[in-house]
Structures are given as structure tokens and as C-alpha cells.
Amino acid sequence: MSVAAAVKLENNNQNQRRLMVEEDSRQQISFTAPFTKDYSRPVLVVSKQRLRENARRFMAAMPRVRPHYAVKANPDMDILRTFKEEGTCFEVASIAEVDAMLKLGADMQTVFYSNPIKSPAAVAHAAKNGILWYSVDTPEEVAKISAIKPDAKLYIRIEVSNEGSSWPLAGKFGASPSGVDAVIETAKNLGMRICGVTFHVGSQCVNTNNWVEGIRAAKALFTKLSSHGFEPELLNMGGGYPLQFTGAEPAIEEIGAVINAELESIPENIQIMAEPGRYFAGSAGCLIAQVVGVATRDEVRWVYLDTGVYGGLMELTQDFPVTLISERTGEPGLWTMAGPTCDSIDVMGRHKLPANTEAEDFIYMPNLGAYCTTCACDFNGFPPPVMRLID
Ligand SMILES: *Cc1c(COP(=O)(O)O)cnc(C)c1O
């Protein structure tokens, strides 16, 4: 269920919209109104200033941690450029994301390839373009990389708890303790270097303890790697840093304090990085969508939006926290929210919106700067949201 109560929409006389979360002034973005004037499709408004603030706030919260923005969260070139100007590095997972780095003029030595399973063509493309660091979590991947890029620097992705994450990633990736042994053995046999350890706590993780456990597990693995003759030099804490939808989620400063304390026992010669995606881009974006129609079926009230699971709201199918703001004032009602397509999976759970909601109402959804436009397609002829970057 959504929590519209904590958020308000202000209209000032300069014709500006200001989205404000009452608890935290840093949660707000401002934009001028014309996005709804000649409206023809959903719009994701992204605030450049907010992107910059997010990067700065992250770096201030964890001074020893070098952020590598996870490009998949929002690969828009202007967004990448903005983060590059703020001095952040990058993490990629595909050939297209490698190409985005080339176009951006990123220092390829600092670009990390963190997808644990890469096609041989992708490894070759990355290697040809100067990427040195590759994530692995299986012996097969070590062998694959060794055949293409024998001087690669590998970092092992280990499994860690994803408890308390809205979008868990465990299960698909991450080596178990015996899996780690298999990776080490293969690397030794092939003369490949294992130079670091990584983990991913799951996306939108509100359980700070997952990072603590991950860092401790990495520390133990450093000792093991050294005993096998490797020289560990990298701790990569992955992504998962959460947005604050309700105010109940820990702020980045709180997470940073816990992580920083845990990092004190990591030797100085270990470089520490993270791969924030959602935290960097999410709060900078507000999606503006429109109600297509409302319907009552057996006393259940349905609201159909002009965008849905196919149009950038895929995450909402998983009980994902979302904030819905309507310009209509009225008693809240409970609605089953759906997208515009004829597909029955295009339904996004129950949410509160004013009971008097009608077709053509605008609905504002803050915190959707990440994993929205990049996951959208035009299935069934409905245009996906278009992104507009504002200063
Ligand atoms: C998706 C991903 C990230 C970013 O995750 P967020 O939850 O958006 O911070 C970082 N690293 C890897 C390897 C990923 O797959």
C-alpha cells in the first residue's frame, strides 16, 4: 500500500510544482508545470540538481568508499555525464553499457564489469576497450575470462543475506562457501588473479545488517585468498542503498555510519568501492502519469493508468513501496491499480488515491528515477514514459 499522506504537492504562483516529503526536505524536487500542459504520454522528470546532491551525499556519508554508479539503474547519457562531473566511477553489465562508457569518455581502467555471467563476445568487447576488472561467481566464468583476457583482475561475488530488500537478487548470483572453493581452485589452475570480493545485499535494502555481514564475509575471504597466494586489493560492496519512501528506511548517513565502523578493520591497502544505482538516480525522478479510467467490478474499485508494468512500473508488482500523489483533494479510497494494456499481469496492487479520482487526473510518483524508463516498452501501442532532464 502506498503512503501518500507523507507527501504533498505544492503549487506556487511561479507555476512550479514542488514535491515535498514532510519529514525530510532533502526528499524534494521542484519542476515547472508545463509537463502536464500538452500532455500526450507519461513523463519522467529528472532533476539534475538532485542527481548531484545524491552523489555528494553518498560520498560524504562514506568518505572511504568510491562510488561506481550502476549504469543499469538509468543509462541516460546526460545522467551519466552529470555523475561523471561529480567524480563518480561506473559499473557495467553489457556490451551497450561498455559502449556508453566509451561515449562518455570514462576512464576504462576504473569501469567495473560486475555481471557475474557474461557472453564471450561481451568479455572480448570489454577487454578490447580496456576494462580490467570482472566479477565471477563460478568456475566456468573464470575459465571463460581466462581464455579471452588472461591478465584480468577478478573479484568473487559471494552470496549474502538479502533479507529486508524489496527486490532480492540472491539465488541467481553469488558463490556459496563451496562455490568459492571451486572458483579459487579453477583460478589457481588457470593462473588467473583473484583480486577482490564483492556482494550485493539486494535492491532497496533497508536492513543495514546485510552490509555488516557482507563486509565480515569479505574479510574472512581475504584471509583465505591470501592463504592461497592471491593478493586481495579490492572490497566492492555492490548496490542496494535504499530510497526513503516512508521515512522508516534508514538514511544514507545511518547506513554509512554502520558501514564506516565495520570498515575500520579493513587494511589501508584494500580499495573500497560501492555500486549504488537506485540511490543515485531514484529520488531525482518523478513520474507523471494520467488516469485512463476508473471502474467498479463487484464492488472493487479499479484505477487504470496510462502506464503500468510494461511502461516502467514493473517493480510495483512486487509490493514495492510507491508514493502516489493526486492533484485532486478528497477522502482517500482504496484502489486496485492497473496499467493500460490488455494483459492480465499488468496490475500493480492496491493503493490509496482520492475516492473521487476520475479519468484524466494526473498522478505524480516520486522516487522513480531508477528502473523506470529503462524497463519500459511500448507493448500494445502505449507509449512508454519519456524522460525530461531539468536543472
Ligand atoms: C543492479 C546492480 C547494482 C545496483 O543496485 P541498486 O539496488 O540499484 O543500488 C549494483 N551492482 C550490481 C552488480 C547490480 O547488478
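Nothing here was measured: the structure is a model prediction, and the numbers come from that model. Scope of the values below: all heavy atoms of this structure, side chains included, with no hydrogens, waters or symmetry mates. Numbering of ligands and ligand atoms starts at 1, following listing order.
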Quick check against the 3.5 Å criterion: does Asp137 have a side-chain atom that pairs as donor or acceptor with the backbone of Glu159?
no

Give me the ring orientation class for His228 and Phe230: parallel if the planes are under 30° apart, tilted from 30 to 60°, perpendicular past 60°.
tilted

In terms of ring plane angle, is the pair Trp133 and Phe112 parallel, tilted or perpendicular, where the classes change at 30° and 60°?
parallel

Is Met237 touching ligand 1 with its side chain, its backbone, both, or neither, if touching means heavy atoms under 4.0 Å apart?
neither

Closer than 4.0 Å to some heavy atom of [X] - which atoms of ligand 1 meet that?
| X | value |
| --- | --- |
| Gly277 | 4 (C), 6 (P), 8 (O), 9 (O) |
| Ser114 | 13 (C) |
| Arg157 | 13 (C) |

Can you tell me which residue among Thr317, Thr341, Asn380 is in a side-chain hydrogen bond (donor to acceptor under 3.5 Å, both in side chains) with Asp346?
Thr341

Quick one: does Ala70 get an N or O within less than 3.5 Å of an N or O on ligand 1?
no

So, regarding Arg278 and ligand 1 (criterion: nitrogen or oxygen to nitrogen or oxygen, under 3.5 Å), is there a contact or not?
yes

Protein residue, atom and distance nearest to [atom], heavy-atom basis:
| atom | value |
| --- | --- |
| atom 3 (C) of ligand 1 | His200 NE2, 3.3 Å |
| atom 7 (O) of ligand 1 | Ser203 OG, 2.4 Å |
| atom 2 (C) of ligand 1 | Lys72 NZ, 2.3 Å |
| atom 8 (O) of ligand 1 | Tyr371 OH, 2.6 Å |
| atom 10 (C) of ligand 1 | Glu275 O, 3.2 Å |

Is the shortest distance from a heavy atom of Gly240 to ligand 1 less than 4.0 Å?
yes

Glu231 atom CD: more than 12 heavy-atom contacts under 6.0 Å
no

Side chain to side chain contact (heavy atoms under 4.5 Å, CB included) evaluation trace for Glu91 with Tyr69
CA-CA 6 Å; Glu91 178 270 319; Tyr69 173 61; over 6 Å; no

Does the side chain of Tyr155 pick up a donor-acceptor pair with the side chain of Ser114 at under 3.5 Å?
yes

For a quick test of reading the model, state the closest non-hydrogen atom pair linking Met192 to Lys149 and the distance between them.
CE-O, 3.7 Å

